[in-house]
Engineer: 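For reference, the structure I am asking about is given below.
A, B, ... follow the sequence lines: proteins, then strands. Residue 1 opens every chain. All of these numbers come straight from a predicted model, not from anything done at the bench.
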2 protein chains.
Amino acid sequence: MANIAKFDRDDVIHKAMLLFWEKGFNGTSTRDLQQTIDMRPGSIYAAFGSKEQLYSEALECYSREVAAILEQSVADEGSPLAGLESFFRNVVIDRRDTNPSEICMLVKTLSEVRNDQPGLMHLCRELLKRTECRFAGILQQAIKKGEIAEHSDPRLLAKHLQVQMIGLRIYMKTSLNTEAVGELIKSVFDSIKAH
Amino acid sequence: MANIAKFDRDDVIHKAMLLFWEKGFNGTSTRDLQQTIDMRPGSIYAAFGSKEQLYSEALECYSREVAAILEQSVADEGSPLAGLESFFRNVVIDRRDTNPSEICMLVKTLSEVRNDQPGLMHLCRELLKRTECRFAGILQQAIKKGEIAEHSDPRLLAKHLQVQMIGLRIYMKTSLNTEAVGELIKSVFDSIKAH
DNA sequence: TTTATTCTTGAGCGACTGCTCAATAAGAGC
DNA sequence: GCTCTTATTGAGCAGTCGCTCAAGAATAAA
């Protein structure tokens, strides 16, 4: 009953998320984790059950934080479409050095996880779908505000944006060419406006 | 001096490639490899030096095979642009069930490998760059044949295609929606033609 | 303080990791 | 046949893996 002063669960998950994001699921050992979150194996397994379960919670944490950045971008720009573009530049270019990895953690998971971990796979799909829905919602606002043509299909455009976001982040890691990627982002949003 | 009848090196690398592509670098144990390529550890390490070195050769094998598919597609279609589109559909949609993974092996590597394996990272970048150059070459042919506008920049378009290819394959894995992805591919090539 | 409950600790289990190397087999040249 | 060189074998090393659990510390209730 008593809410005994325990470790700060959210903080621990956040720290675990950063480590997992950097090193991947297989690349992160439980010893790494113990050191990073400053907990002993017994406590970790009592609190989270398994490495996979902790990873799940880290994924959800990641997804929440990305959603917050997106929301903030739209609010800051005061325009749905400009907010989206700012979000893209922010995530793909500006944060690439400070983030644990240039690549989206959901994509890293999807590409690493094997079919014998259906839970993680399913969670990834769910979280990516939510991002796509957020994109669609913002695009819908952009239509309302007349920033893009009324006959545009926000759900198709959202899929398009999802593909771009995934592709661009990886392309950024391969090319190391900030200018070229900036140009590519510009052309993505130019073509949306032109529709 | 004598060319003693040894194992078939190319065949072994191909088999190793399929396993690595499926399970990733960290996810593939040397025991897995031993069984798959039917060699004992001593022979493997005598022939390839290390797991990482064998992985490098597997990556090059993968890249060669993808390049062959691209070349074949262009030859079959008798048109550079139609060949590219056929290649996209082939790789992103048609082969997704028979391939060891839906996702490009180079991208999987790039997303998994840590910075303490600079050799693999560098090789990935090199091989992806070559693919981009191949795209650019084919787009150049498309311009010559009048399939796309003369003022198009084949190198920029090639970067664009690279981003699409990467993004689409991952999106295919998340959405499992063949129709939507087919539509996305169509729109990619429609917009290239429209330029 | 005493007792009951919750939380934390860390030694260590059994399985697995990448890899080595002395022993053996299999050819090539004579 | 015989020697010399090269190829293959597989037991096993030293280290790491994810995880458990008996013991102890910390807090709450009485």
Engineer: May I have the distance from B/Met39 (atom CE) to C/dG18 (atom C1'), rounded to whole angstrom?
Structural biologist: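 B/Met39 atom CE is separated from C/dG18 atom C1' by 16 Å.
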Engineer: Is the shortest distance from a Lys or Arg side-chain nitrogen in B/Glu57 or B/Arg9 to a carboxylate oxygen in the other one below 4.0 Å?
Structural biologist: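 Between B/Arg9 and B/Glu57 there is a salt bridge, with a charged N closer than 4.0 Å to a carboxylate O.
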Engineer: Rounding to a whole Å, what distance do you find between A/Arg40:CZ and D/dA26:P?
Structural biologist: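 Spelled out: CZ on A/Arg40 to P on D/dA26 is 14 Å.
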Engineer: If the condition is side chain to side chain donor-acceptor pair (under 3.5 Å), which residues does A/Arg64 pass it with, not counting sequence neighbours?
Structural biologist: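 Per chain and number, A/Arg64 pairs via side chain to side chain donor-acceptor pair (under 3.5 Å) with no residue.
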Engineer: When every nucleotide of nucleotides 19-25 of chain D is labelled 5' to 3' by its protein contacts under 4.0 Å (heavy atoms), B for base, S for sugar-phosphate only, - for none, what sequence of letters results?
Structural biologist: BBB----
Engineer: B/Tyr55 OH to C/dC19 C1': how many Å, rounded?
Structural biologist: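 Computing the B/Tyr55:OH to C/dC19:C1' distance gives 20 Å.
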Engineer: Can you tell me the distance, in whole Å, between the CG atom of B/Leu33 and the P atom of C/dG18?
Structural biologist: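 One finds 8 Å between P of C/dG18 and CG of B/Leu33, rounded.
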Engineer: With nearest nucleotide decided by heavy atoms, which residue, B/Asp38 or A/Thr28, maps closer to the 5′ end of DNA chain D?
Structural biologist: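 It is B/Asp38, whose closest nucleotide lies nearer the 5' terminus.
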Engineer: Who pairs with B/Asp10 by side chain to side chain donor-acceptor pair (under 3.5 Å), at least two apart in sequence or on another chain?
Structural biologist: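 B/Asp10 satisfies side chain to side chain donor-acceptor pair (under 3.5 Å) with no other residue.
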Engineer: May I have the list of side-chain donor-acceptor pairs in residues 133-141 of chain A shorter than 3.5 Å, sequence neighbours left out?
Structural biologist:
none

Engineer: Among all residues two or more places apart in sequence or in another chain, which pass the side chain to side chain donor-acceptor pair (under 3.5 Å) test with B/Arg130?
Structural biologist: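 Side chain to side chain donor-acceptor pair (under 3.5 Å) list for B/Arg130, sorted by chain: B/Glu126.
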Engineer: Please list all pairs passing the ring pair (Phe, Tyr, Trp, His ring centres under 6.0 Å) test where one or both residues lie in residues 54-78 of chain B, with sequence neighbours left out.
Structural biologist: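 Matches after skipping sequence neighbours: B/Phe20-B/Tyr55, B/Trp21-B/Tyr62, B/Phe25-B/Tyr55.
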Engineer: Report the distance from atom CD1 of B/Ile44 to atom C1' of C/dC21, rounded to the nearest whole Å.
Structural biologist: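 So the CD1-C1' distance, B/Ile44 to C/dC21, works out to 15 Å.
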